[in-house]
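Structure record follows, encoded as structure tokens.
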Amino acid sequence: MNTATAKTAHFRFYEELNDFLPRPVRKTQFPYLFEGNPSVKDAIEAIGVPHTEIDLILVDGNSVSFLYHLQDGNCVSVYPVFESMDISPVIRLRAKPLREPRFILDVHLGKLARCLRMLGFDALYDNSYTDPEIVGIAREHHRIILTRDVSLLKMNEVTHGYWIRSQHSEKQVHEVIRRLDLHAYIQPFSRCISCNGIVEEVPKESVIDILEPNTRRYYDEFFRCSSCGKVFWKGSHFKKMEEFVEDVKKEISQAPYL
């Protein structure tokens with residue numbers, strides 16, 4: 001870039017958008033040098049912030065769309081997705097939030113997928129999915145992409161996505177539920193942890209032929225996945241699963257993400 005002819009805009013990013021920035025420019029205004037007439041979307045993603053994380057851009061105090069072209073001297077304020085706030089008087093930069101939460105997760109998030117399913121969330125996962133496949137499925141079936149790969153969220157076709165900050169599955173669960181305000185959608189044990197299918201209660205007589213002798217003797221309540229046919233009952237492992245669910249509810253109630 002020829003600094004003699006370069007133009008300058010000043011950017012400030014708010015709240016969790018700072019996670020994508022180098023420490024020296026977090027939570028402060030900083031200069032951005034550019035040439036030509038780039039869109040504000042291109043500039044923001046060049047700085048490192050994916051467009052799916054953004055819901056409001058103010059340029060010199062006025063709300064603009066991603067198509068706005070930067071001008072020399074612009075002051076740009078960039079705000080994160082407002083899942084819990086109504087900002088309808090200004091220009092929202094993405095479609096209406098998907099209030100029926102359905103997810104597709106990238107190859108790095110297998111444990112998170114299982115945890116979300118345990119809580120009753122529709123969470124597609126396959127470690128063979130390519131990035132284009134994830135984007136295509138998300139668009140066709142109106143799913144939110146959850147990923148640890150920022151570059152995936154910068155693809156133009158992506159409309160709803162969230163970059164997972166934590167590297168630990170339990171903390172990732174708390175993060176997703178808080179950030180997307182999903183407290184009211186938790187329905188524990190309503191989905192198959194293995195395949196994501198719906199789990200329904202079934203009569204003991206309908207599954208008795210496939211049960212081990214001790215299971216037949218000591219358990220009377222059974223559930224079956226409508227997709228893969230796997231049979232479940234509240235065995236010794238179930239208490240740990242209940243404890244996990246209660247821990248999640250307790251954690252998110254004590255420190256809600258706003």
Side-chain angles (χ1 to χ4, degrees), residues 1-99 131 135 138-139 144-166 172 174-182 255-258:
M1 179 181 295
N2 185 343
T3 56
T5 60
K7 305 171 186 177
T8 303
H10 289 84
F11 279 79
R12 176 162 180 170
F13 291 82
Y14 286 83
E15 303 305 328
E16 62 269 19
L17 296 182
N18 286 277
D19 294 344
F20 299 95
L21 304 180
R23 291 191 180 278
V25 297
R26 291 180 182 177
K27 299 183 179 181
T28 188
Q29 188 178 80
F30 60 90
Y32 174 75
L33 300 181
F34 64 95
E35 291 182 327
N37 199 25
S39 70
V40 70
K41 176 179 180 288
D42 288 342
I44 287 170
E45 294 203 324
I47 290 169
V49 180
H51 66 275
T52 55
E53 298 274 328
I54 297 166
D55 216 9
L56 175 65
I57 300 172
L58 301 181
V59 175
D60 300 330
N62 299 308
S63 62
V64 301
S65 76
F66 281 130
L67 298 178
Y68 175 84
H69 289 280
L70 280 183
Q71 306 295 318
D72 190 32
N74 280 160
C75 289
V76 184
S77 300
V78 188
Y79 296 85
V81 171
F82 293 96
E83 283 291 341
S84 301
M85 296 175 62
D86 179 11
I87 60 168
S88 54
V90 297
I91 299 174
R92 294 196 72 136
L93 299 179
R94 61 182 194 134
K96 183 179 179 181
L98 298 178
R99 301 317 290 161
D131 285 357
V135 173
R139 285 184 63 87
I144 300 169
I145 297 173
L146 300 180
T147 181
R148 287 278 300 154
D149 181 3
V150 174
S151 63
L152 175 57
L153 297 182
K154 291 183 180 180
M155 296 176 68
N156 288 334
E157 298 83 0
V158 177
T159 58
H160 291 78
Y162 177 69
W163 178 60
I164 302 293
R165 274 69 166 170
S166 176
Q172 289 170 350
H174 303 158
E175 184 180 332
V176 170
I177 293 174
R178 289 176 188 157
R179 185 67 191 90
L180 301 181
D181 195 16
L182 301 177
Y257 190 104
L258 297 177

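Counting from 1, the numbers follow the sequence of the chain as shown.
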Using a cut-off of 6.0 Å, state whether more than 12 heavy atoms not belonging to Arg26 lie near its atom CZ.
yes
With sequence neighbours excluded, residues passing salt bridge (charged side-chain N to carboxylate O under 4.0 Å, His left out) with Asp19:
Arg165
Which residues share a side-chain contact (heavy atoms from CB on, under 4.5 Å) with Pro31, sequence neighbours left out
Thr8, His10
Distance-only donor-acceptor hits, side chain of residues 36-49, under 3.5 Å, sequence neighbours excluded:
unit_1: Ser39; atom_1: OG; unit_2: Asp42; atom_2: N; d: 3.1
unit_1: Ser39; atom_1: OG; unit_2: Asp42; atom_2: OD2; d: 3.2
unit_1: Lys41; atom_1: NZ; unit_2: Asn156; atom_2: OD1; d: 2.9
unit_1: Glu45; atom_1: OE2; unit_2: His51; atom_2: N; d: 2.9
unit_1: Glu45; atom_1: OE2; unit_2: His51; atom_2: ND1; d: 2.8

Shortest non-hydrogen contact from Gly161 toward Glu53
O-OE2, 4.2 Å
Taking the side chain as every heavy atom from C-beta outward, state whether Thr5 and Glu35 have any pair of such atoms under 4.5 Å apart.
yes
Any Lys/Arg nitrogen of Arg179 or Glu16 sitting under 4.0 Å from an Asp/Glu carboxylate oxygen of the other?
yes
Any residue meeting side-chain contact (heavy atoms from CB on, under 4.5 Å) with Val59, in chain and number order, not counting sequence neighbours:
Ile57, Val64, Tyr68, Asn74, Val76
What's the separation between atom CD1 in Ile177 and atom NE2 in His174, rounded to the nearest 0.5 Å?
7.0 Å
For Thr28, which residues count as a side-chain contact (heavy atoms from CB on, under 4.5 Å) partner, sequence neighbours excluded?
none
Would you say Leu153 and Tyr162 make side-chain contact, with heavy atoms under 4.5 Å?
no
Look at the side chain of Asp55 and the backbone N and O of Pro80, then say whether any donor-acceptor pair between them is shorter than 3.5 Å.
no
Return the OG1 to CD1 distance between Thr147 and Ile145, rounded to the nearest 0.5 Å.
8.0 Å
Side chains of Thr52 and Thr159 in contact at under 4.5 Å (non-hydrogen atoms):
no
For Tyr14, ring-ring contact (aromatic ring centres under 6.0 Å, His included) partners two or more places apart:
Tyr79
Quick one: sort the Phe30 and Phe13 rings into parallel, tilted or perpendicular, breaks at 30° and 60°.
parallel
Contacts of Phe20 meeting ring-ring contact (aromatic ring centres under 6.0 Å, His included) (sequence neighbours excluded), chain-then-number -> Trp163
In the structure I gave you, are the side-chain heavy atoms of Glu175 and Ile164 within less than 4.5 Å of one another anywhere?
yes
Are any side-chain N or O atoms of Asp60 and backbone N or O atoms of Cys75, one a donor and one an acceptor, separated by less than 3.5 Å?
yes
By the salt bridge (charged side-chain N to carboxylate O under 4.0 Å, His left out) test, which pairs, at least two apart or in different chains, include something from residues 146-163?
none
